[in-house]
Amino acid sequence: DFDVHIITMWDLFDIVEFNQDYLVSESTEKVLLIGNNVSSEGIGFHFDNDIIDKVYLIPLTDFSEENFIEIGVSFSDFLRRLRNGESWFK
């Protein structure tokens, strides 16, 4: 039994534009959105001292950290969870 996650990873050239469109930097300087899912949630890297420390599912309407859902402790862990069909919600 597993969840199916349909995501869009944004083109490198679109990442800056989409982050500006969603006003990410006005809410937090610790997140860079890299994609989204079909539920209008962003997929973003969370940075600590310029190092990616987590990958989060983030509501595109509220960038408060209490609303972030961890979906990977690194980008490779995020990809592994996707490949293995692991649930993001426990």
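Being a predicted model, the structure only gives us computed values, none of them experimental.
- For the side chain to side chain contact (heavy atoms under 4.5 Å, CB included) test, residues two or more places apart in sequence or in another chain that qualify with S39 are N37, E41.
- L57 and F75 end up in the same hydrophobic cluster when Ile, Leu, Val, Met, Phe, Trp and Tyr side chains are linked at under 4.5 Å.
- One distance of note links CD of E65 with OG1 of T28; it measures 5.5 Å at 0.5 Å rounding.
- A single hydrophobic cluster is seen to contain both L82 and I58, as judged by linkage of ILVMFWY side chains at heavy-atom distances under 4.5 Å, directly or through other members.
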Pairs of donor and acceptor atoms involving the side chains of residues 17-26, under 3.5 Å and at least two apart or interchain, shall be tabulated with distances.
unit_1	atom_1	unit_2	atom_2	d
N19	OD1	L33	N	2.9
N19	ND2	I15	O	2.8
N19	ND2	L33	O	2.9

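- Going from atom CG of D53 over to atom CD of E70 covers 9.0 Å, rounded to the nearest 0.5 Å.
- No path of Ile, Leu, Val, Met, Phe, Trp and Tyr side chains, each step under 4.5 Å between heavy atoms, connects V73 with F78, placing them in separate hydrophobic clusters.
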Problem - Working for side-chain contact (heavy atoms from CB on, under 4.5 Å), residues K30 and D48 - result: CA-CA 7 Å; K30 295 182 178 184; D48 185 26; 5.7 Å; no
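- In this structure, D14 has no salt bridge (Lys or Arg N to Asp or Glu O under 4.0 Å) partners at least two apart in sequence or on a different chain.
- N49 is linked by a side chain to side chain contact (heavy atoms under 4.5 Å, CB included) to nothing, counting only residues two or more places apart in sequence or in another chain.
- Every residue meeting the side chain to side chain contact (heavy atoms under 4.5 Å, CB included) condition with F47, not counting sequence neighbours, appears here in chain and number order: L32, F45, I52.
- Grouping the Ile, Leu, Val, Met, Phe, Trp and Tyr side chains by contacts below 4.5 angstrom, directly or via other members, places V55 with I69.
- Here CH2 of W10 is found 8.5 Å from CD1 of I43. Values are rounded to the nearest 0.5 Å.
- In this view, N67 and P59, D62, S64 satisfy the side chain to side chain contact (heavy atoms under 4.5 Å, CB included) rule, not counting sequence neighbours.
- Partners of S40 according to the side chain to side chain donor-acceptor pair (under 3.5 Å) rule, which considers only residues two or more places apart in sequence or in another chain, do not exist here.
- The heavy-atom pair separating F63 from S27 by the smallest distance is CB-CB, 3.5 Å.
- Under a hydrophobic-cluster definition in which Ile, Leu, Val, Met, Phe, Trp and Tyr are linked whenever side-chain heavy atoms come within less than 4.5 Å, directly or via other members, I51 and L79 are assigned to different clusters.
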